[in-house]
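Model, not experiment: these values are computed from the prediction. In what follows, every heavy atom counts, from backbone to side chain, and hydrogens, waters and symmetry copies are set aside. All chains are named by letter (A, B, ...) in the order of the sequence lines, taking the proteins before the strands, and each is independently numbered beginning at 1.
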Amino acid sequence: MPRLIIDEREIEVPPGTKVIDAAERLGILIPRFCYHEGLGAVGACRMCAVQFVEGPVKGLQMSCMVDAQDGMVVSTSHEEAVEFRRFIIECLMLNHPHDCPVCDEGGQCLLQDETVSGGHGLRRYQGKKRTYRDQYLGELIAHEMNRCIHCYRCSRFYQEFSGYRDLGPLQIANRVFYGRFKDGPLESPFSGNLVDICPTGVYTDKPSRYKARRWDLQRTPSVCIHCSLGCNTVANARYREVVRVEARFSGEVNGHFICDRGRFGFPYTNLPGRPRTARTAGGECSQGEAVAAAAEKLREISSTFGPQAVACFGSSRNSLETQCMLKRICRLQGWQVPGFFVDPALERRVRAAVSLLDASAGVSMREVERADCVVAAGVDPVNEAPMLALAMRQAFRRGAEILVADPRPIFLPFPFIHVPVSMERMDSFLEGLARLAGESSDGTGVREADLLSQIVQNGGLASSDLPLPVSFCRALFGSQNPVVLCGTECVRESTLPAAAALARDLRKGRDRAGLLYVLPGANAFGAGLLNSQGHPGFSRLLESVESGSVRALIVTESDPLNDFCHRDRLLGTLGKLDLLVVMDFLDSETARMAHVFLPTTTHFESGSCFVNHEGRLQYAEAVHHGGIPIEQAGGGSHPPRVYRGDIPGEGPKAAWVILAELGRTLGIPDRDLLGLGPWSLIGEEIPSLKRLEGTVFPPEGIRILSDGDPVQWVQGPEARDGEDDRGAVPPGDFFEILLTHWTFGTEELSSRSGPLQKVEKEPYGMMHSDDARVLGFSEGDRIVLSLEGGQIRFRLSVADRMGRGVLVLPRHRKLAWRNIPEMPCFVPRDRIRREDS
Amino acid sequence: MHTETISPLPAKGRQLLVCRGTGCESQKANLIFGALKDEIFKAGLADDYKVKFTGCHGLCQMGPTVIVQPPGTFYCNVAPEDVAEIVKVDLVEGGKVDRLLFIDPQSKERVLTYHEMAYFNPQRRIVLRNCGFINPEDIDDYIEVGGYEGIRRALSLTPLEVIEEVKSSGLRGRGGGGFPTGTKWEFCNKSPGDQKYLICNADEGDPGAFMDRAVLEGDPHSVLEGMMIAGYAIGATKAYIYCRAEYPLAHERSLIAIDQATQRGYLGKGIFGSDFDFEIKVKLGAGAFVCGEETALMASIEGKRGMPMPRPPFPAVKGLFGKPTNINNVETFANIPVILTKGGDWFARVGTEKSKGTKVFALAGKINYSGLVEIPMGTSLRQIVDEIGGGIPNKRKFKAAQTGGPSGGCIPAEHFDIPMDYENLTQVGSIMGSGGLIVTDETTCMVDMAKFFLSFTQKESCGKCVQCRLGTKNMLETLTAISEGKATMEDLDLLLELAQDVKAGSLCGLGQTAPNPVLSTIRYFRDEYEAHILRKECPARVCRSLIKFQVNEAACTMCGSCFKACPVGAITWQKKQPAHIDKEKCIKCRSCILACKFHAID
């Protein structure tokens with residue numbers, strides 16, 4: 001461990017640490033522009049120059065380029081270094097416009113800080129400034145090239161780190177321009193990070209322009225809830241409005257960056273149409289009146305039909321507190337055990353994932369970055385959990401071999417091996433890989449070719465498109481730190497244990513082999529933890545409603561009409577209910593059907609816990625106290641000129657608080673509800689989390705998969721009771737429909753974001769070009785899919801790198817996918833035809 | 001000329017050598033070659049003479065050239081129409097075509113053969129040993145003069161023995177750095193790695209330098225052979241020639257050479273019966289000067305933007321595609337086969353104590369014979385300029401020589417006798433560089449020259465480091481202000497300060513050396529800068545803003561040269577009357593100044 005002295009203070013750092021980082025550990029922030037911890041050193045800005053007074057390196061050197069070594073004596077305030085840095089600042093300011101007062105970056109601008117701290121104030125240079133023509137980069141990022149100081153952070157992030165090519169440096173010398181070949185929206189779904197990393201105001205957050213100055217913002221650490229990864233963010237609010245979301249560094253989860261879905265997906269919390277007043281059949285009323293009305297009706301139904309006539313339903317976007325309170329009330333009142341997913345198969349898959357993920361296997365995204373071999377099964381990272389794609393890219397950049405087995409056409413921002421195994425054959429494919437791995441640990445020698453052909457056979461792959469090169473098998477054998485990724489949205493239930501088995505087999509003879517499940521929703525893990533035996537499944541619930549045995553339904557921050565396939569059936573069923581209570585912050589279709597509606601707060605307004613895919617319990621702090629944004633309440637005039645004692649629109653409360661109030665009204669003592677406090681509440685409902693009580697919540701969250709003995713958190717789904725065997729492909733010529741997510745436009749919350757609606761694609765369906773040829777279709781054709789529930793019309797896109805016999809449709813609101821009766825869904829070929837023009 | 005052919009030039013048969021390097025080719029050398037073949041056939045001499053095209057022999061100024069060998073009759077400035085006469089007079093009648101012979105600049109007499117020419121005679125050709133004598137597109141021609149003997153010998157040695165041989169020769173990198181080649185190879189040899197790469201840097205970007213082009217155009221096989229030897233020594237099996245796209249002929253001939261060598265089995269698997277595999281690819285550069293810098297060059301081969309990266313890690317540890325890589329210049333490689341065949345000791349006998357062997361210079365500027373010259377290290381600048389280059393036209397005085405192109409500096413007249421080697425050049429504030437040598441006389445303004453080189457580096461900066469990107473631009477603006485008479489003495493101080501900052505703060509050689517022309521011209525010609533600033537005068541009459549375009553009647557000899565030179569009739573002159581310039585009509589083209597031998601126009 002090298003020991004060195006920086007500014008007369010000694011520090012010992014791990015080998016390979018750069019001097020700039022060593023100084024930072026001492027709390028000395030050496031000025032820098034191009035150096036970024038996430039992007040590494042490049043040595044372009046020359047700003048971090050320090051004087052090496054003694055030791056193996058001498059003289060003025062860039063501290064980002066020099067590894068800390070024994071015996072170094074470094075001065076950051078040496079006269080020569082200070083003068084050198086002053087010169088750099090002066091150079092950079094030659095061309096930088098003096099537009100700080102109107103610049104969106106003002107107040108959070110590194111260049112501003114360094115200019116002031118460097119002492120540059122007087123302009124000596126009298127020449128002209130170089131200017132550029134800015135580009136239109138889409139609806140998310142504003143471009144202002146005149147401000148550029150050419151640190152190359154943007155191009156390094158965009159091209160090297162995230163693997164997209166459409167933005168980068170053009171020209172040379174003093175004419176270097178960062179932009180696209182021509183105007184147009186940025187292709188990367190990670191483009192928002194340009195805003196965070198640009199040390200000045202070249203790239204600014206377009207939707208939040210002119211909303212607030214940095215120093216006026218309320219800022220709190222938050223967590224992204226647009227997928228299961230739980231990336232750390234900073235929420236920024238001003239005037240009761242969430243204005244902007246930025247990435248927050250998390251060593252284990254997202255590193256320095258987040259995706260655009262997480263960054264620009266927040267506007268659902270500000271929408272003018274967001275319901276903020278409670279409602280009963282008699283119209284708008286106070287929250288208390290609505291709770292009382294709901295309680296009275298519930299009491300009535302309970303006494304008439306028994307408590308089992310009341311059912312509750314949550315979702316994977318509920319906070320953990322809400323999920324726990326929901327379960328608690330149900331238990332205390334004797335209501336039906338609550339469910340969280342409209343698709344019973346998905347619910348089982350989530351439970352399976354949570355039960356299979358023990359501490360010895362579960363990995364964070366950071367660990368995916370360090371993997372040297374990655375097998376991904378049934379997961380489409382860019383679309384389902386975008387930041388996972390970036391983590392995989394970092395693994396690729398470190399030399400990892402990456403294989404994705406998925407029948408869908410998969411795009412990733414790096415080269416990888418795509419094996420279009422069908423969902424049905426996925427298990428045997430993974431089993432084959434596991435056998436391969438087993439061979440290597442036996443030391444019995446490897447019969448790659450044999451195994452390979454076996455895998456290909458098992459995977460139902462045509463030998464003509466044998467896409468699994470021997471080199472990958474060799475990489476898998478030789479890997480020290482492999483990771484298995486597995487999706488939950490489209491795979492069969494049996495694929496989850498198959499993935500776990502592969503990880504387990506890989507662990508033999510290795511230090512480590514990771515397992516990561518991508519789950520459906522920010523708190524799907526929490527739902528999985530709570531969702532043990534007793535819940536009948538959503539379909540059974542609907543049957544109970546239809547048969548009249550369930551009379552009341554309490555829906556908590558969930559929109560079954562959005563998620564459920566068979567829309568007409570659900571509409572009819574909900575209509576049969578005596579009581580439909582809906583609590584939500586969204587103006588959802590289900591909410592509009594409610595007999596009693598109770599508005600809730602978003603996680604921006606009341607702090608909430610979420611458990612991400614790896615079982616990391618994270619807390620998102622409230623950034624503001626709620627209420628209608630001033631911009632809306634004041635009708636554009638600010639400040640409001642009329643005095644009122646309350647905050648307009650402050651009615652909504654956190655769903656779990658409303659549930660507690662409902663419980664209290666129904667006669668449950670307060671000490672069993674709100675009196676518990678959130679920690680005890682969680683501990684009561686999830687016994688394995690009881691040990692967390694009283695724990696101080698660390699900033700990086702708590703990994704509830706303990707490092708010690710694996711704790712059986714939750715029982716896996718019970719063996720199927722012959723209810724269905726729907727995974728099997730029916731005999732005959734069928735297409736399997738795969739309903740998938742897209743980065744933008746399908747996720748429930750972010751698809752309500754105005755800026756993201758402008759960047760999302762028009763929905764289209766995809767099939768293999770061979771299938772299209774057989775059916776006589778070609779790219780761009782309008783296709784009609786006729787199902788029992790109705791028709792689905794879409795434009796067709798064909799691809800070569802995908803499975804045959806598969807039709808991939810996005811869960812896009814502009815596509816009538818809810819006409820699909822249930823999933824999985826197999827359609828005969830004659831049901832798919834071209835729409836005649 | 002002393003030519004280090006490995007085996008003596010074939011004496012059998014007579015040959016007609018037509019130079020088809022880029023310079024001569026651009027003046028219809030292809031037509032001359034065709035016409036010569038026709039005429040020989042017509043004259044019935046097809047069996048007696050072999051007509052052969054060659055690469056550049058160096059004296060580009062006098063091209064296109066045809067050499068009748070033996071005895072080495074050197075015909076200059078040949079046009080296609082002259083071919084019939086050469087065949088008739090020389091080959092059939094046994095005479096000489098007098099009007100096409102070279103005229104000695106000193107004695108004004110016609111010189112019959114190149115052996116007797118002052119241009120060639122003092123040269124010692126190791127690198128250019130075959131240039132101008134063999135057909136670069138015929139591998140047999142190369143083999144005939146002893147080609148591919150070096151690699152045969154190398155393969156009989158161990159890689160470390162090969163490195164020892166190169167180390168003992170004292171060969172230093174000819175691309176400009178001057179780093180000992182053997183030591184460089186040793187680093188790469190000892191660097192662990194499953195795959196190693198070798199790169200030949202043929203991205204010759206210095207304005208006025210064309211040594212590498214001439215070697216690739218004239219003797220590509222010697223470069224290939226040098227690369228094979230280096231590949232064997234360091235353990236590389238894959239190699240690249242990074243050639244700039246502005247060198248189409250060099251590119252084409254490299255490809256032909258690789259193709260021929262591959263067909264012979266000299267490249268590929270198990271070459272010359274050994275277990276050594278070696279393949280060479282040519283990568284075209286897009287013409288960025290910075291891609292001559294090794295890390296930028298590697299980035300370019302990898303398909304990335306050509307920008308330098310900090311070292312360490314050095315290419316020998318982590319180079320192309322992250323693998324150990326060795327990069328040498330074309331000229332360095334061309335030396336290697338000779339070292340292997342003749343031995344490192346033999347090579348070390350040429351040159352000075354620390355600079356061994358020869359150096360090829362591209363002689364240009366205010367000189368009678370511009371072209372390529374190869375001289376032993378330690379030859380004096382005076383000999384190169386006065387003897388080989390034939391002195392300065394119009395009997396003007398030598399002012400300075402710029403070596404090392406935009407990265408180098410100038411050598412003023414006071415150091416005219418300097419022996420040219422790495423150490424001496426560094427001592428006087430210049431560098432050897434890749435071999436550009438630009439001669440200036442009293443009609444060259446040193447401010448203007450500094451401005452020229454700086455505008456080149458300023459434009460060619462990759463744009464990575466602040467100092468190089470912005471500092472050079474500021475320097476250029478200050479220099480422009482000086483050349484326009486708009487600067488003060490404080491600006492000169494600012495220029496020096498900026499120069500120091502740019503030197504200190506740039507990552508790669510381009511930025512670190514960009515201020516050199518400015519620094520060295522200020523060092524030796526500060527008076528010229530002061531004249532521009534204080535007296536608002538350009539002593540060399542180059543900076544247009546400072547020229548009055550007025551005839552100095554005291555100096556005027558009333559010769560009328562300026563009157564004849566003026567393209568717009570702005571000068572009035574009568575015999576025995578001083579000329580007069582009408583400023584209304586004058587377009588400031590400087591034709592009169594260039595025409596006046598007496599410096600009589602202010």
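- Within the 4.5 angstrom heavy-atom criterion, only side-chain atoms of B:K473, from C-beta onward, approach chain A.
- Checked against B:V466 for a side-chain contact (heavy atoms from CB on, under 4.5 Å), the options A:C151, A:C34, A:C91 give a single hit: A:C91.
- Nearest heavy-atom pair across B:D501 and A:F84 is O-CE1, 4.5 Å.
- Counting heavy-atom neighbours within 6.0 Å of B:Q195 CD, excluding the residue itself, gives a total above 12.
- Neither the backbone nor the side chain of A:D67 comes within less than 4.5 Å of any heavy atom in chain B.
- Only the side chain of A:R175 comes within less than 4.5 Å of a heavy atom in chain B; its backbone stays farther off.
- When heavy atoms are compared at a cutoff of 4.5 Å, B:E460 approaches chain A by way of both its backbone and its side chain.
- Taking all atoms of both residues into account, the shortest heavy-atom contact from B:R469 to A:L92 is NH2-CD2, 3.8 Å.
- At a 4.5 Å heavy-atom cutoff, the contact between B:S506 and chain A is made by backbone atoms alone.
- With a 4.5 Å cut-off on non-hydrogen atoms, A:I89 does not touch chain B at all.
- For B:C465 against A:G43, the heavy-atom pair with the smallest separation is SG-O, 4.0 Å.
- Counting non-hydrogen atoms of neighbouring residues, nucleotides and ligands closer than 6.0 angstrom, the NZ atom of B:K281 reaches no more than 12 such neighbours.
- With contacts defined as side-chain heavy-atom distances shorter than 4.5 Å, the pair A:F87/B:L498 qualifies.
- If you take CG on B:L470 and CE on A:M93, they are separated by 12.0 Å, rounding to the nearest 0.5 Å.
- The closest side-chain heavy-atom distance from A:N174 to B:K459 is not below 4.5 Å.
- The stretch residues 301-311 of chain B places B:G303, B:R305, B:M307, B:M309, B:P310 near chain A, each with some heavy atom under 4.5 Å from a heavy atom of that chain.
- More than 12 heavy atoms of other residues, nucleotides or ligands lie within 6.0 Å of NZ in B:K536, so this atom counts as buried by the packing criterion.
- For residues 476-490 of chain B, the interface with chain A (any heavy-atom pair closer than 4.5 Å) comprises B:E477, sorted by residue number.
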Step by step, would you call A:R124 with B:L494 a side-chain contact (heavy atoms from CB on, under 4.5 Å)? CA-CA 11 Å; A:R124 291 193 290 170; B:L494 178 69; 4.2 Å; yes
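- For A:V42 against B:L507, the heavy-atom pair with the smallest separation is O-CD1, 3.8 Å.
- Contact annotation for A:F33: neither backbone nor side-chain heavy atoms come within less than 4.5 Å of a heavy atom of chain B.
- Heavy atoms closer than 4.5 Å to chain B are found nowhere in A:Q61, neither backbone nor side chain.
- Residue contact with chain B, scored on non-hydrogen atoms closer than 4.5 Å, involves the side chain of A:L94 exclusively.
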